[in-house]
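The block underneath contains the structure these notes are about, expressed in structure tokens.
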Amino acid sequence: QVQLVESGGGSVQAGGSLRLSCAASEVTRNRYCMAWFRRAPGKEREGVAGISSGGTSTYYADSVKGRFTISQDHAKNTLYLQMNSLKPEDTAMYYCAAGSAWYGISCRQDYWGQGTQVTVSS
């Protein structure tokens, strides 16, 4: 029911920044929690960050704490991931997900976007 479209990926040198966006096809406020995931070459999918439907609760993977910030603009039905101090190990395909249940440390993944590539060179 919900379509998600990611954008903002690209190539950047280590230490640089990128801001990813995820546009939803319908209202997300008080309806869906949202989250970012990533999958690096040869590795399993990893949860990066999540935010509750009201935007009052968030969680982050230990590997990105202090560097990444998840936020959303409900008026635009858009989720963001600000990525600073990027490292080569952050290189991955990044996916946006939306879900109907918030578990405190994760968001149920009922809908997925197609992904946007992030490449960080040393």
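No hydrogens, no waters, no symmetry mates; every other heavy atom, side chains included, goes into these values. Every value quoted in this text rests on a predicted model; they were computed, and no experiment measured them.
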_Residues, nucleotides or ligands: over 12 heavy atoms within 6.0 Å of Gln114 CD_ = no

*For residues Ile70 and Ala35, report the shortest heavy-atom separation together with the two atoms involved.*
CD1-CA, 4.5 Å

*Residues that Lys87 engages under salt bridge (Lys or Arg N to Asp or Glu O under 4.0 Å), provided they are two or more places apart*: none

*Rounded to the nearest 0.5 Å, how far does OG of Ser21 lie from CD of Gln72?*
12.5 Å

*asked:* Listing request: all salt bridge (Lys or Arg N to Asp or Glu O under 4.0 Å) pairs with a residue in residues 14-23, at least two apart in sequence or in separate chains.
replied: none

*Got a sec, which residues hit salt bridge (Lys or Arg N to Asp or Glu O under 4.0 Å) with Glu26, two or more places apart in sequence or on another chain?*
Arg31

_Pairs flagged by salt bridge (Lys or Arg N to Asp or Glu O under 4.0 Å) wherever residues 41-54 is involved - sequence neighbours left out_ = Arg38-Glu46

*What pairs of residues pass the salt bridge (Lys or Arg N to Asp or Glu O under 4.0 Å) test when at least one of them lies in residues 91-103, not counting sequence neighbours?*
none

_If the condition is ring pair (Phe, Tyr, Trp, His ring centres under 6.0 Å), which residues does Phe68 pass it with, not counting sequence neighbours?_
none

*asked:* So Leu86 and Asn84, do their side chains get closer than 4.5 Å, heavy atoms only?
replied: no

*Taking only residues two or more places apart in sequence, or in another chain, which ones meet Ser85 in a side-chain contact (heavy atoms from CB on, under 4.5 Å)?*
Arg67

_Does either side chain, that of Asn30 or that of Ser53, offer a donor lying less than 3.5 Å from an acceptor on the other one?_
no

_Considering only residues two or more places apart or on different chains, which pairs with a residue in residues 5-90 satisfy disulfide bond (SG atoms under 2.5 Å apart)?_
Cys22-Cys96, Cys33-Cys107

*Would you please name every residue forming a side-chain contact (heavy atoms from CB on, under 4.5 Å) with Thr116, sequence neighbours left out?*
Glu6, Leu20, Tyr94

*Please report the shortest heavy-atom distance between Ser121 and Pro88, naming the atom on each side.*
C-CG, 4.5 Å

*Aromatic plane relationship, Phe37 with Trp112 - under 30° parallel, 30 to 60° tilted, over 60° perpendicular*: tilted

_Qualifying residues under side-chain contact (heavy atoms from CB on, under 4.5 Å), relative to Arg29, sequence neighbours excluded_ = Val27, His74

*Restricting to pairs with a member in residues 111-120, which pass salt bridge (Lys or Arg N to Asp or Glu O under 4.0 Å), not counting sequence neighbours?*
none

_List the residues meeting ring pair (Phe, Tyr, Trp, His ring centres under 6.0 Å) with Tyr59, not counting sequence neighbours, and say none if there are none._
Trp102

